[in-house]
Amino acid sequence: MKIYQASQQRYDTMPYRRCGDSGLLLPALSLGLWHNFGSVDAFENYSRTAFTAFDNGITHFDLANNYGPLPGSAEENFGRILKKGLGAYRDELIISTKAGHDMWPGPYGSWGSRKHLMASIDQSLKRMGIEYVDIFYSHRPDPETPMEETMQALSDIVRQGKALYIGLSKYNEEQTQTALRLLQQYGTPCLIHQDRYSLFDREIENGLLDTIGANRVGMIAFSPLAQGLLTDRYLNGIPADSRAAKPTGFLKQEQVTPEKINQARQLNEIARQRGQSLAEMAIAWLLKDRRVSSVIIGASSVAQLQNNLKALQSPGFTDEELNAINQLTGR
C-alpha cells in the first residue's frame, strides 16, 4: 500500500483566518465529511479527496460521531486515511467532531447529557485512532438536559485532554448566549460556532451572527451551496442523477421550487458577469464577512474539490453586486 506524502507547496495558496480572538488560524475552506466518506462510498475516491485537500492547504477536517452512513463510518474511514499517511502530519491538522444527534440505541445514545458526551468522545477517538480532537462540538442543544450539565461536560473533556477547544453547533441566539456565559464560567471559553449559512439560508443574520461576533467567537458555515441548489446542477430543473432525485438525502424535490431555480439562474448571471461559477461566488460571498472564520465544503470527487478551491481567487464584491444579491435573496 502506497503511503501518502504531502505536497511541499501545501501552504502556498490557502489563506488562513483567525478563529474569533483565539490563537487558532483556520483555512478559509475546510473539508466536511458529512457525505461521501461513509461505508457506502469508495475508499480510493474519498482518500484521494482528503489528500488533495491537504495538498492545497485545507488543514481542517470536520466530522461528527454520526456521519456516514452508517453512523460512525466517516470517523472510521478518516482513521484509515490517517493511517495511510495523513496521520504523519497530525500536528498540522485540525480535526473536529461532534456529539448530540442519534448515534446508538437507548436513552444515552443522543442529546447533551454528560453520559452521552463522555461516551461519545471516547468512541470517536477510538474510531479515528487518535488521542485527542482539536475541536469537540455539542452538535445540537438539548431541550431536556440542563445547559449547565452539557457545558460542564464539554469543559471537562478539554480538561481531560481529549479535546483542545469547544464548539457549539445549531444553537440559536439565546441558547448561544447562555452557553457562552457558562463555558466562560467553567474556564473553557467557546472557540467556534457552526451553523447553516448560505445565500439561500441567511437566518443567522437575524441576531445570531452579531452575537457570535460581539463575543469574539469564530463562525464556521456549513451547507454553503444549499445542498447543491447554489451550483449549476439545478438551473434547468432536477437532473436524474442529482441528490434531489434520490429518495433518501437531505435535499428533497419539493425544495427545488420554480422560485428557487429562478433565483439561482439570476444569481448565476451575476456570477457569470464576475467571471466565475455560481458555486464559486456563493462561497466567496460567505468569506467576504470577516466574522466567518471558515466555510465547510463537501466534495464527492477531487474535481469537485478543485472547483470549489477556485473561490479563493474570487474578486471582491461591488456595492452594486451586493445590492443585487440581497434583492434576489430577499434581504
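In this chain, numbering begins with 1 at the start of the sequence shown.
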Interatomic distance, [X] atom [atom1] to [Y] atom [atom2] [nearest 0.5 angstrom]:
{"X": "F317", "Y": "N323", "atom1": "CZ", "atom2": "CG", "value": "12.5 Å"}
{"X": "I130", "Y": "I95", "atom1": "CD1", "atom2": "CD1", "value": "4.0 Å"}
{"X": "Q263", "Y": "T329", "atom1": "CD", "atom2": "OG1", "value": "7.5 Å"}
{"X": "L117", "Y": "T150", "atom1": "CG", "atom2": "OG1", "value": "6.0 Å"}
{"X": "S7", "Y": "N56", "atom1": "OG", "atom2": "CG", "value": "7.5 Å"}
{"X": "D201", "Y": "D195", "atom1": "CG", "atom2": "CG", "value": "8.0 Å"}

Taking side chain as C-beta onward, heavy atoms only, is [X] less than 4.5 Å from [Y]?
{"X": "T231", "Y": "L278", "result": "no"}
{"X": "F200", "Y": "L225", "result": "no"}
{"X": "R17", "Y": "V295", "result": "no"}
{"X": "L168", "Y": "C190", "result": "yes"}
{"X": "Q266", "Y": "I270", "result": "no"}
{"X": "V302", "Y": "F51", "result": "no"}
{"X": "W285", "Y": "P224", "result": "no"}
{"X": "Q152", "Y": "R114", "result": "yes"}

Taking atom [atom1] of [X] as the centre, report whether more than 12 heavy atoms of other residues, nucleotides or ligands fall under 6.0 Å from it.
{"X": "E174", "atom1": "CD", "value": "no"}
{"X": "K126", "atom1": "NZ", "value": "no"}
{"X": "E92", "atom1": "CD", "value": "yes"}

I'd like to know if the side chain of [X] and the backbone of [Y] have a donor-acceptor N/O pair within less than 3.5 Å.
{"X": "S39", "Y": "L70", "result": "yes"}
{"X": "R18", "Y": "S22", "result": "yes"}
{"X": "Y16", "Y": "G57", "result": "yes"}
{"X": "Y89", "Y": "A6", "result": "yes"}
{"X": "N262", "Y": "P258", "result": "no"}
{"X": "D41", "Y": "G38", "result": "yes"}
{"X": "D289", "Y": "R291", "result": "yes"}
{"X": "N36", "Y": "A299", "result": "yes"}
{"X": "R140", "Y": "K170", "result": "no"}
{"X": "E149", "Y": "P146", "result": "no"}

Exercise. Do D134 and R90 meet the salt-bridge criterion of a basic N to acidic O distance under 4.0 Å?
Worked result: yes
Problem set entry | CA sep, side-chain torsions, deciding dist, call: Q227, H35, side chain to side chain contact (heavy atoms under 4.5 Å, CB included) | CA-CA 11 Å; Q227 293 293 301; H35 301 295; 3.9 Å; yes
Can [X] and [Y] be counted as having a side-chain donor-acceptor contact under 3.5 angstrom?
{"X": "T176", "Y": "T211", "result": "no"}
{"X": "S120", "Y": "N65", "result": "yes"}
{"X": "E148", "Y": "Y186", "result": "no"}

Which atoms form the tightest heavy-atom contact between [X] and [Y], and what is the distance?
{"X": "Q184", "Y": "P189", "answer": "OE1-CB, 3.7 Å"}
{"X": "S96", "Y": "Y137", "answer": "CB-CE1, 3.9 Å"}
{"X": "S47", "Y": "K84", "answer": "OG-NZ, 4.2 Å"}
{"X": "I157", "Y": "M118", "answer": "CG1-SD, 3.8 Å"}

Problem set entry | Intermediate values then yes/no, side-chain hydrogen bond (donor to acceptor under 3.5 Å, both in side chains), D55 and Y4 | CA-CA 10 Å; D55 283 344; Y4 163 75; 2.6 Å; yes
Exercise. If you group Ile, Leu, Val, Met, Phe, Trp and Tyr by side-chain heavy-atom gaps below 4.5 Å, do I192 and L183 land in one group?
Worked result: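 They do not share one cluster, since no chain of ILVMFWY contacts under 4.5 Å joins I192 to L183.
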Problem set entry | Hydrophobic cluster of Y108, others only, ordered by chain and residue number, side-chain cut-off 4.5 Å | M103, W104
Seminar exercise, completed: Contacts satisfying salt bridge (charged side-chain N to carboxylate O under 4.0 Å, His left out) that involve residues 274-287 (not counting sequence neighbours) are R274-E321
For this session: Applying side chain to side chain contact (heavy atoms under 4.5 Å, CB included), run through Q175 and M147 and close with a yes or a no.
Result: CA-CA 9 Å; Q175 292 162 338; M147 185 84 77; 4.1 Å; yes
Plane angle bin for [Y] and [X] - parallel if under 30°, tilted between 30 and 60°, otherwise perpendicular:
{"X": "Y67", "Y": "H139", "result": "perpendicular"}
{"X": "Y171", "Y": "H193", "result": "perpendicular"}
{"X": "F78", "Y": "F61", "result": "tilted"}

Problem set entry | salt bridge (charged side-chain N to carboxylate O under 4.0 Å, His left out) between K162 and D156, worked out | CA-CA 9 Å; K162 296 174 181 178; D156 288 347; over 6 Å; no
For this session: Decide side chain to side chain contact (heavy atoms under 4.5 Å, CB included) for Q194 and D62; before the verdict, give the C-alpha distance in whole Å, the side-chain angles of both, and the deciding distance to 0.1 Å.
Result: CA-CA 11 Å; Q194 182 174 142; D62 182 74; 3.3 Å; yes
Exercise. Can T59 and L25 be said to form a side chain to side chain contact (heavy atoms under 4.5 Å, CB included), step by step?
Worked result: CA-CA 10 Å; T59 54; L25 296 172; over 6 Å; no
For this session: Not counting sequence neighbours, which residues clear salt bridge (charged side-chain N to carboxylate O under 4.0 Å, His left out) with R48? List them please.
Result: E44
